[in-house]
Student: 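Quick one: the structure is below, and I'll ask about it shortly.
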Amino acid sequence: MNTEQALTLLGGLTPSQFMKRHWQKKPLLVRNAIPGFVPCVDRSALVALAGEEGVESRLIVDSPKGWKMKHGPLAKRSLPPFSQKKWTFLVQGVDLHHDGVHALMQQFRFVPDARLDDVMISYATDGGGVGPHFDSYDVFLLQAHGQRRWRIGRQKDLSLQPGVPLKILQNFEAEEEFVLNPGDMLYLPPKYAHDGVAEGECMTWSIGFRAPQEGELARELLLGLADEAFDGVGDALYRDPKQAAVPSPAAIPPSLADFARQVVDKALKNPQLLESMLGEYLTEPKAQVWFENAEEIWDVSAGAQLDRRTKMMYDAKHIFINGESFRVAGRDAVILRQLADDRCISGQKAKSLSADAQEALVDWAGEGWLWAIKKG
Ligand code: SIN
Ligand code: CO
């Protein structure tokens, strides 16, 4: 993507300008971000998706007795009638299930794939919403159908209402208010408080991001390292020829603690290990993703396009795909990085890969991770 080209999607800003001025910093309202936007998923398709096993969905009802929430799968008959006001259902990860939604998400790839998460779609009846709240991650809220009134504000007091099944701000104070029409879009940085209320039936697409959390990342990397790290760390036993006689035998010798620290440092020093763990972690498919093995053997000359559910990234020395890492260099690295960035490569390019890399592609095709390029 050309990061210096002004985009209608960003209200005439270039991706570089948007990232510098707004990303993680301040909201941006874009009227007509996608002129003439017509959602490729309608109400009944969304209802069907919310009813599926393995699709994350929620039903939220703002009733006279307070907020109610139910996790999916949501059977169609369990939804309130669409004539009833003030309810909404939300379906997570629609990009995994729908090519058109996946294609829309590609427009936001001026942000690294490592940060892009999914497209959530909500459908609300008049007055419906999820209440005033804040999210931990950045979000683009694209109005897809009908109208929604957004009230937003930097909120110092982030205390939540107690005893409610949702995270709802106790003392929400809006600073700005806008009604969004189809094709309009609102970007909000993390922790920016917002409340979106449907005006008539309304569909909103949230292009959401993820950010690794310190504790979770440390746990994941260290678990991975625990499996892999011991190649370079040998069988040497702790030795203490200088150990003096001790009057207090229960005290752990400081030199034993030093030994422990050295062992861990040695395991962590393998420069590539941490990077490959990180790439494998970032490309791990979501829990609900299952690939079906391909029935036909894919021919390299057909070119390749990644399955919409495939996560593929790279660093200086590796290619990562769906939780696996491969060391690559030279021409193979250039071509496979292109496949990761463009999500497709021509047959000509695929054929110029080394025999090993071509074999890897054939394996990935067999796993259902990539396909022959669709004609037309
Ligand atoms: C919604 O679509 O109703 C909620 C989106 C959000 O506030 O993050
Ligand atoms: Co939100």
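Numbering of residues begins at 1 and proceeds along the displayed sequence. One-based numbering, in listed order, for ligands and for the atoms of each.
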Student: Is S206 close enough to touch ligand 1? Criterion: a residue heavy atom under 4.0 Å from a ligand atom.
Tutor: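 Yes; S206 lies near enough to ligand 1 that a heavy-atom distance drops under 4.0 Å.
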Student: What do you reckon, does T204 have a nitrogen or oxygen under 3.5 Å from a nitrogen or oxygen of ligand 1?
Tutor: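 Such a contact does not occur with ligand 1.
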Student: Do the side-chain N and O atoms of T283 and N322 include a donor-acceptor pair separated by under 3.5 angstrom?
Tutor: no
Student: Hey, would you say the F18 and F140 ring centroids sit under 6.0 Å apart?
Tutor: yes
Student: Consider ligand 1: state whether an atom of it lies below 4.0 angstrom from any non-hydrogen atom of W150.
Tutor: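 Contact check W150 vs ligand 1: positive.
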Student: Taking the side chain as C-beta and beyond, is there a heavy-atom pair between L104 and I207 under 4.5 Å?
Tutor: yes
Student: Under 3.5 Å, side-chain donor or acceptor atoms of residues 156-165 against the rest of the protein: list the pairs with distances, not counting sequence neighbours.
Tutor:
residue : atom : partner : partner atom : Å
D157    : OD1  : S159    : N            : 3.0
D157    : OD1  : S159    : OG           : 2.6
D157    : OD2  : N171    : ND2          : 2.7
S159    : OG   : Q170    : OE1          : 3.3

Student: Is there a side-chain contact between E201 and F82 in this structure, where contact means two heavy atoms from C-beta onward sitting under 4.5 Å apart?
Tutor: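 E201 vs F82: side chains touch.
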Student: Only heavy atoms of H133, strictly under 4.0 Å: list the atoms of ligand 1 that pass.
Tutor: 6 (C), 7 (O), 8 (O)
Student: Can Q24 and D138 be counted as having a side-chain donor-acceptor contact under 3.5 angstrom?
Tutor: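 Looking only at side-chain atoms, D138 and Q24 do form a donor-acceptor pair, the distance falling under 3.5 Å.
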Student: Should you measure from each heavy atom of D135, which atoms of ligand 1 turn up under 4.0 Å away?
Tutor: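 The list of qualifying atoms is 8 (O).
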Student: Please confirm whether V139 comes under 4.0 Å of ligand 1, counting heavy atoms of the residue only.
Tutor: no
Student: Apply the test side chain to side chain contact (heavy atoms under 4.5 Å, CB included) to residues D62 and W87: give CA-CA distance (whole Å), side-chain angles for both, the deciding distance (0.1 Å), then the verdict.
Tutor: CA-CA 6 Å; D62 180 4; W87 66 275; over 6 Å; no
Student: Specify which N/O/S atom of H133 comes nearest to the Co ion (ligand 2), by atom name.
Tutor: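 Looking at H133, the N, O or S atom with the least distance to the Co ion (ligand 2) is NE2.
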Student: Closer than 4.0 Å to some heavy atom of R148 - which atoms of ligand 1 meet that?
Tutor: 1 (C), 2 (O), 3 (O)
Student: Can an N or O of H194 be found at a distance shorter than 3.5 Å from an N or O of ligand 1?
Tutor: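 Yes - when backbone and side-chain N and O of H194 are compared with those of ligand 1, one distance drops under 3.5 Å.
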Student: With the Co ion (ligand 2) as the reference point, give the N/O/S atom of D135 that is nearest.
Tutor: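 The nearest such atom is OD2.
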Student: Quick check: S122 and ligand 1, any N/O pair under 3.5 Å apart?
Tutor: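 There is such a contact, yes.
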Student: Please give the atom name: the N, O or S atom of H194 nearest to the Co ion (ligand 2).
Tutor: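 Minimum-distance N/O/S atom of H194 relative to the Co ion (ligand 2) is NE2.
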Student: Do the non-hydrogen side-chain atoms of M19 and F110 ever get within less than 4.5 Å of each other?
Tutor: yes
